[in-house]
There are 2 protein chains.
Amino acid sequence: MNQTMTYEDFQRRVSSVILTENGNCPVTPVIQMLQGKWKLQIIYELCIQSPMRFGELKKMLTPITNTMLTNALKELEGDGLVHREQYNEIPPRVEYSLTEKGRDLLPVFYAISQWGMKYIP
Amino acid sequence: MNQTMTYEDFQRRVSSVILTENGNCPVTPVIQMLQGKWKLQIIYELCIQSPMRFGELKKMLTPITNTMLTNALKELEGDGLVHREQYNEIPPRVEYSLTEKGRDLLPVFYAISQWGMKYIP
DNA sequence: CCGGATCCCCAAGGATACTG
DNA sequence: CAGTATCCTTGGGGATCCGG
């Protein structure tokens, strides 16, 4: 998959790659899931260090606002990529980490990274 | 890269995967490049058949409007993913095809597709 | 400390009419 | 046929203030 392929090779393979049996494209929902100004950065921070508290994430992602961080984390949790662990203490403590589903995105990031290193100056 | 890895493996590898030497993340610009409601569908159509004329693309992507298709194609051409070939005939004819840079996205689509087939019901 | 609730802004998305 | 030009709508992104 890594060397440059001819257009004929590409066309021969593409239907099995980006189209499933029922005719749906599995790529679109994944791209949509990773959209949003802060999501990739949040995932990246949780890759480097995990778990992370809300305040730690906010500090790393400055100048993100509380609202934006809360919304992004909720969506990531809703998509099953991030796990939220709440401890009922005073003062409150909440820790975020990647799920297995989130960690399984690594091959995706790897492929994108390879492409980016080749084509992004 | 394909079997599930432990979180320790993941953390050990991630910095080399989604962070380059200069500290920039090469993933973000690629995701941004693929954003937009119609771009992935356009790329997909050009994978299946190429070259395609403006009207053919418009027909395949119904109910896309002229404005949206024009904008998306211009951005894709500006990013070097799509090639535009104009023939000075009457009536006018313009054909679009993927560049090598665009075809090289196949490993990315493949990785996303694998993830999607595992996690998207 | 970790958010929720509101209100605002602007760019992306889109409908419609027109043209070389 | 392959677009342009124009105007309109929508929702993601964000600032600010409030609460358990």
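Labels below follow one simple rule: chain letters A, B, ... track the order of the sequence lines, proteins then strands, and each chain is numbered from 1.
Close to C/dG3, at under 4.0 Å from its OP1 or OP2, lies no side-chain N or O of A/Arg93. For B/Lys74, a side-chain nitrogen or oxygen approaches OP1 or OP2 of D/dT4 to under 4.0 Å.
At a threshold of 4.0 angstrom between heavy atoms, the contacts of B/Tyr87 with the nucleic acid are absent.
In this structure, A/Lys58 atom NZ and C/dC2 atom C1' are separated by 11 Å, rounded to whole Å. With rounding to whole Å, B/Met68 atom CE is found 10 Å from C/dA12 atom P. Atom CG in A/Asn88 sits roughly 17 Å away from atom P in C/dC1 (whole-Å rounding). The CG atom of B/Leu69 sits 10 Å away from the P atom of D/dA2 (whole-angstrom rounding). The interatomic distance linking A/Leu57 (CG) with C/dC2 (P) rounds to 10 Å, in whole Å.
Distance check, rounded to the nearest 0.5 Å: CD1 of B/Ile31 to OG1 of B/Thr28 gives 8.0 Å. A distance of 9.0 Å separates CG in B/Leu73 from CZ in B/Arg84, rounded to the nearest 0.5 Å.
A salt bridge is absent between B/Glu56 and B/Lys58; no separation between the charged side-chain nitrogens and carboxylate oxygens falls under 4.0 Å.
Taking the C1' atoms of five terminal pairs at each end of the helix from C/dC1-D/dG20 to C/dG20-D/dC1, the two resulting helix axes are inclined by 50°, rounded to 10°.
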Where do N or O atoms of nucleotides 5-12 of chain D meet protein N or O atoms at under 3.5 Å, pair by pair?
unit_1	atom_1	unit_2	atom_2	d
D/dA5	N6	B/Thr67	OG1	2.9

